[in-house]
Asks: 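Here's a structure for you.
Remember, it's a predicted structure, so these values are computed and weren't measured experimentally. Naming convention: chains lettered A, B, ... in sequence-line order (proteins, then strands); numbering from 1 in each chain.
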Amino acid sequence: MIGGLFIYNHKGEVLISRVYRDDIGRNAVDAFRVNVIHARQQVRSPVTNFARTSFFHVKRSNIWLAAVTKQNVNAAMVFEFLYKMCDVMTAYFSKISEENIKNNFVLIYELLDEILDFGYPQNSETGALKTFITQQGIKSQHHTKEEQSQITSQVTGQIGWRREGIKYRRNELFLDVLESVNLLMSPQGQVLSAHVSGRVVMKSYLSGMPECKFGMNDKIVIDKQGKGGTTDDSGKSGKQSIAIDDCTFHQCVRLSKFDSERSISFIPPDGEYELMRYRTTKDIILPFRVIPLVREVGRTKLEVKVVIKSNFKPSLLAQKIEVRIPTPLNTSGVQVICMKGKAKYKASENAIVWKIKRMAGMKESQISAEIELLPTNDKKKWARPPISMNFEVPFAPSGLKVRYLKVFEPKLNYSDHDVIKWVRYIGRSGIYETRC
Amino acid sequence: MPAVSKGDGMRGLAVFISDIRNCKSKEAEIKRINKELANIRSKFKGDKALDGYSKKKYVCKLLFIFLLGHDIDFGHMEAVNLLSSNKYTEKQIGYLFISVLVNSNSELIRLINNAIKNDLSSRNPTFMCLALHCIANVGSREMAEAFAGEIPRILVAGDTMDSVKQSAALCLLRLYKTSPDLVLMGEWTSRVVHLLNDQHMGVVTAAISLITCLSQKNPDEFKTCVSLAVSRLSRIVSSASTDLQDYTYYFVPAPWLSCKLLRLLQCYPPPEDGAVKGRLVECLETILNKAQEPPKSKKVQHSNAKNAILFEAISLIIHYDSEPNLLVRACNQLGQFLQHRETNLRYLALESMCTLASSEFSHEAVKTHIETVINALKTERDVSVRQRAADLLYAMCDRSNAKQIVAEMLSYLETADYSIREEMVLKVAILAEKYAVDYSWYVDTILNLIRIAGDYVSEEVWYRVIQIVINRDDVQGYAAKTVFEALQAPACHENMVKVGGYILGEFGNLIAGDPRSSPLVQFNLLHSKFHLCSVPTRALLLSAYIKFINLFPETKSTIQEVLRSDSQIRNSDVELQQRAVEYLKLSSIASTDVLATVLEEMPPFPERESSILAKLKKKKGPGAVSNHLLKTRKACLTDIKGISTPSPSADLLGLRAGPPVTAAAPSAGSLLVDVFSEAGVNDDGFLRFVCKNNGVLFENQLLQIGIKSEYRQNLGRMYLFYGNKTSVQFVTFTTTLNVQAKPVEPLIEGGAQVQQVINIECLTDFSDAPLLNIKFRYGGALQNLTLKLPVTINKFFQPTEMASHDFFQRWKQLSLPQQEAQKIFKANHAMDTEVLKAKLLGLGMALLENVDPNPENFVCAGVIQTKAQQVGSLLRLEPNAQAQMYRLTVRSSKDTVSKRLCELLAEQF
């Protein structure tokens, strides 16, 4: 189990140090600083091992979070915990920065005491934590004695993520499907690798202890229903079903039911939470196609032409489009011409960055650049790194569709129809690259 | 040097550097650098020409970026342009960039060379210096090709400034080190040597480094520098501290120059010219005298400078190794340092003393400090100094103090640092072997060594003990007794078990007479350790067990039981299992005769260089080896001089630390031949073989002759092994024998061994042994050697067992006076019952127990088989422990036989 947890700033100074077990000494703090933060070569592995001590680290902007252990722990569990910890901290004081950590160090120690016990991860549900860890800005909503006494029973009870007796005048539910699409394409337009990793994030403001059921166009479910015999349904939705490679759920989802019926039913936590995560690799809709054209004119000049084509319904609008065209290391000057958006040569990043605010579907746009080169005596050829792209589109590139989200609350007198539901799809670029 | 002009502050560079310093993260730093690089690229690419100042600034920035660890692949051209500038700072930056960044195969090298050439031919000394520094910093082969001819000219030209001369000398030195074939001094030699007379001390200092390096390669050409160096040295040494002004360092005149001069002199033998030599000795004496004077300053720099010269002088004295007076003085001076509170001084003193110890003149003087050194070994806090102390003890060891030193090293070993333990163990092992006067001490020491530091005792060490014990029959009994006692300790090291297993397996019979170490007790003792040992040791023990079966038939059933047990015969280790199965079968199927042949006592090992010594050399690296070899050679040669007639101690010499194979090259040959010619007929080995069939018959620096023989009734076969111990081949190697023998290979390669077989048939009884004449050529000199072959009448004995009354009946039958031969003689060796028994058994007769009414006495019976007849013989040996005398009576059916046997045996006890 986790023996200790340290938070460092970019200089390697320790901001937070919490040791849970005796086998982790003070020197572990220094070992990580010396061997990872100040290492000569950049350490790329998130897990490092020195002197029979394992260090698991994640980096958030300039802050290093490192979990330390001497035991043979499940690394995935440790990282899951570290990410969760980041989420919790973000929920309490928004951005994780050196400044914020220094300002909230009492809170962080209190949180660490709660979410890790003797190195074993405990309840890290933000909503639940906020009920009893109340520093500074977060005020407890429960002032009465009865309510405070309820906290214990709730946290230790079967449904630790939701307390009883929640009441809303308007029962509302927000559901976001957030996907990031990753692509590597050859210059000829052949897809070398592509996958989508997605999350279903919910915000629920429901009274009582409702039971929810979530349905999507999962291929297995659709196929099963097709066989089941509802004849009119199977023909229509069969085409649009998607194959999910793997998925993980929030702790509130009843896994036994998912295993047997593949239905996702749960009692939701109050407020914001991540219902599930999934990954797909088949039949991905690629929102943009990048067509590069690079021509070397002699030793001192390079001509680049890049065309991007949007590949979705014309009625939809893509936003925050950014194309990054790497330039050779001996670039001495760049001239850019583009029809749409703004393009600029950023010397500090060795790239031309082309930004377009908005772009509708089934359109295309083009940029051309002349790059002047300084002759060098180095015979090394330019490696031609891939052109990368960033964007945001209002649909799910994996093809996922929410079919239903039903709410049952038998005790209180509101039905599924009374709940106001909002569904939103956002597709973002992950690593979206085209070789040139 | 021109003053830095006002506009040269290079503010842009300062801003850039402070930007980099202020970067919060590595990524930010990389971004800043990328931006700057793009800026510089666009500036260099830009249409309008840059002025010298901005060029210099950007080149400086590039240099800084390069030093931060980023690749720079442009800007070289601009740097080369800077070389042709007339401003000092611009030129300097250009040269700096080029020395740091230009790789030798660059296309620009021609341009650079051109610029350097221009600067060298300019009359401006600063520019010349810059160019010379650049050549030295790059130091590539191309540079050497381009400028190797030019620089010596600058160096010796009369009108060159002193500072340029210094740079030129050092630059030439650098080029010489990278490509010595290109730097040809030829005509310049004498003029370079005369730089030693230069007015300017700096020039002399620089030149002397060059001369030292050059003279190491071709000492003859630079021979003239010796007298110049001596006179320069004497001028410095005799000068007062105020004479040399700038070159006086804390009251010491020109310490660096003095050290370099002394080091240069170490490249040459002592000067032959009496006057020069006298002057040099005077200098050295002055230096030694100065060390005695009270210090002129309390500052550490003063004493450092003074001692640096002193140590260099001492190493020169050691190098000459010809002035006993100076050597002894140096030794005394070092002796003072041994107790100095400065750790470095103690270290250096010990180190220099190590070399002093190898000089014959100062060896005795070094030995007087033994107490201090031992004390240093025990109390010194710094481990490296302790290590030196151990080295010195090793170096100063000789026969007179070996026991003390070995004892001290052994006692230190218990507390020694882990890092030096293994080396200490090797050293103790070597010293013990080298200076062993009596081998029981050697055995004791090594067993002690194993007991104290078993983990650090390498295989070689215990192999060596066993080799020595096997080759020397006079310690075998003692060794067996000692290991037996050592094994009785409740916890003993595995190496001890190995030695014990081997020795008891071979010589357990020698102590079996004592009921406390009866065969069964020995076996049980060994077997009690068996289960705690590793597989190789167990394998060795199994072999020891089967040897026990041969030595002591009474243990057979017990040992077979052990071998038969599941843990042996079904052992998961293949080696152990195979041994168990094979030994079990061997012991149950083979007859006693076969067993005795198969499990015969191991033949003596051929003498070779001690493997331990080889290991120590390997550890020490080549430098130490030559030193050590030199020493052993000296020791060996003096020993050979000392021994005029072959005596038992000559044999000891042969066994000692391994005669240095390489040292015995032809040069040493002439000395060795003397030993040969003096030897005449060598029968020293002969007598040892009366009771023994295998062993080393003869050995000297060149040749070793081993014997292995077997006899049955009146027939015998003898194998002679001629081992060439040198690295040179023996030519026309012939042996002639007055018995028929197969011819032997006429050539023995260096280090090789050839074998010769001689078949022997005893026709009738005899008293003269056959003579073996060996002739061969070694390094041109003809070597001639005559040896008595150890074929004696007793070899043809057939043992006869008989009861008490039978014996006395026959004894009485042989009562004719001529049939009896009797001798009363003094004991040569200790009167050990077990040893006596072993010897009598080796004689070939049957040893009859419980026959003589006096249990102290030994009686034996046997029949000598010759072709013509059989001669029955009876023997009675009465030891008198008080008087250390023996009475030996031999009766046999033939009078000549009795007489001969009596003569032979009288020499044995």
Asks: Does A/F50 have more than 12 heavy atoms from other residues, nucleotides or ligands lying within 6.0 Å of its CZ?
Replies: yes

Asks: Which heavy atom of A/S332 sits nearest to which heavy atom of B/K45, and what is that distance?
Replies: OG-CG, 3.2 Å

Asks: Between B/R41, B/K35, B/R32, which shows the greatest number of heavy-atom pairs under 4.5 Å with chain A?
Replies: B/R41

Asks: Looking at A/R435, I want to see if its CZ is surrounded by more than 12 non-hydrogen atoms of other residues, nucleotides or ligands under 6.0 Å.
Replies: no

Asks: Are more than 12 heavy atoms from other residues, nucleotides or ligands located less than 6.0 Å from atom NZ of A/K340?
Replies: yes

Asks: With a 4.5 Å cut-off on heavy-atom pairs, point out which of B/G75, B/S42, B/A38 contacts chain A the most.
Replies: B/S42

Asks: How long is the straight-line distance from CD of A/E98 back to NZ of B/K24, given to the nearest 0.5 Å?
Replies: 7.0 Å

Asks: Does the side chain of A/E349 come within less than 4.5 Å of B/N34's, by heavy atoms?
Replies: no

Asks: For A/E99, is the CD atom crowded, meaning more than 12 foreign heavy atoms sit under 6.0 Å from it?
Replies: no

Asks: What distance do B/D73 atom CG and A/L329 atom CG have between them, rounded to the nearest 0.5 Å?
Replies: 7.0 Å

Asks: Which region of B/D71, side chain (C-beta onward) or backbone (N, CA, C, O), has a non-hydrogen atom less than 4.5 Å from a non-hydrogen atom of chain A, or is it both or neither?
Replies: side chain

Asks: Are there over 12 heavy-atom neighbours, none belonging to A/I431, within less than 6.0 Å of that residue's CD1?
Replies: no

Asks: Does any heavy atom of chain A fall under 4.5 Å from the side chain of B/K26, the backbone, both, or neither of them?
Replies: side chain

Asks: Can you tell me which portion of A/N330 sits under 4.5 Å from chain B's heavy atoms? Options are side chain, backbone, both or neither.
Replies: both

